[in-house]
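Each remark here refers to the structure printed beneath this line.
FYI, side chains are in, hydrogens and waters are out, and symmetry mates aren't considered; it's all heavy atoms of this structure. Order of appearance sets the numbers: ligands from 1, and atoms from 1 within every ligand. Note that the numbering runs from 1 along the sequence shown for the chain. This structure is a prediction, so every number in the text was calculated from the model and none was measured.
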Amino acid sequence: MNTHLDNKVFDAIAGEAKRQAEGLELIPSENYVSKNVLLANGSILTNKYSEGYPGRRYYGGQEFTDKIETLAIERVCQLFNCKFANVQPHSGAPANLAVYSALLEPGDTILGMDLSHGGHLTHGHPMTLPAKIYKFVTYKMKDPETGEIDYDNLRAMALEHKPKIILAGFSAYSRSLDYKKFVEIAKEVGAITVADMAHIAGLIAGKALRNPFDDGFDVITSTTHKTLRGPRGGIILTRESEEIAKKIDKAIFPGIQGGPHMHTIAAKAVAFGEAMTPAYQEYCQQVLKNAKAMEAVFHREKIRMIGGGTDNHLILADVFGSLGVTGKEAQTVLDEVGITLNMNSIAGDTRKPLDPSGIRFGTPAITTRGFKEADCARVAELLIETLRNKANSLKANARPDEDGFRDDEAKKKIIKAEIQALAEQFPIPESFV
Ligand SMILES: *Cc1c(COP(=O)(O)O)cnc(C)c1O
């Protein structure tokens, strides 16, 4: 590739590639895509306008784009066992906005998971457009120590507020939901059930986690770039109602989007194809096993986990409560040793969102690199060791720990070296099938 004309951009891309190769990526919404996904995403399809849907476009020259979009739709419907799919959403947030605008009038009510208990920004954060258009009411966990949703309260809220949509789904919650209960309650009040599976869609496609459609959910929205291991993008799936599916198509185009990104749709089709393979199903099982291995270390080391542990790919830990290190301090010091994760508010957090009590991390990306249970347990140990070291250095009367280290920096160097060695042992693969 002739990149010399724009070294500024390509040098920065090369730097990012190196960063991705050398560090350990524990942000649970990130992953590594295959070379084929990259090739499709970087293809000449970006040159093409295809407003509309296969067979009914507003521009000519759609012989190949129609094939590609149809293939993406067929594959994703097979993966999730549903009748209709819209593969055009540019990302997860516009997918959710499109569903709201398809099924609601301004001022209508949505009942979703409270943001402080794991819900996503697009589920009613006051700074978002949806929150300005629709009324959001929320349900919560009954007890943050077990993570169980308070279904009695969910039902009471539904009866009181008569929402048109009941929304299941989260970005910082580690337990399984009882989808049947959501559907029962929605039936009682005549609400449509929408599952925002952005984080766990891949694990559902890979048959490692339960599919909300099997319990009667009406609609699923998702990103395609998290556990699903595709390009950055979104999808909206409808189980069986053609009426709902048609409204959603109109809400995406011309409702909130113009021309579809055909290069991204081609990359989605490639990722969906990969997700149909036995190798991908094995990957999903390993993601869960690896999260369990990290959970075991956190239990053993008595670090509090919100929800008491994990049923999926992520863990939310109360590092401030357990170690006296804030989420922001943890994120920063872990970055310094080569572990990337994010700070996160926890249920009932007394600290502010920009320096909360928790950290959130997960196993999708390191599992793609080939990490198994023992490797993940070691990562969890190194993570905790780094935070203990930080906690010690924060204490006024710092005493040397068992290893005889008092100095924050010396120990950090040793940890960083081990993390780099681990990362080198597991190069980022180019193909999964
Ligand atoms: C990530 C996420 C989104 C938003 O996806 P973007 O692609 O960042 O717009 C929406 N909902 C949930 C639950 C998510 O985790």
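Ring-plane geometry between Tyr139 and Phe182 is classed as perpendicular, the angle between the planes exceeding 60 degrees on a 0 to 90 degree scale with a lower cut at 30.
Judged as a ring pair (Phe, Tyr, Trp, His ring centres under 6.0 Å), the pairs with a partner in residues 69-93 (not counting sequence neighbours) are, in order, His90-His261. Pairs passing the ring pair (Phe, Tyr, Trp, His ring centres under 6.0 Å) check and including a residue from residues 316-367, sequence neighbours excluded, read Phe298-Phe361. Legend: ring pair (Phe, Tyr, Trp, His ring centres under 6.0 Å) pairs involving residues 228-258, not counting sequence neighbours, sorted by first then second residue: Tyr58-Phe253.
Sorted by chain and number, the heavy-atom contacts of ligand 1 below 4.0 Å come from Ser91, Gly92, Ala93, Asn96, His120, Thr122, Phe170, Ser171, Asp196, Ala198, His199, Thr223, His225, Lys226.
Residues Arg229 and Val37 share a closest heavy-atom pair of O-CG2, 4.3 Å.
Judged by distance alone, the side chain of Thr368 and the main-chain N or O of Pro364 form a donor-acceptor pair under 3.5 Å.
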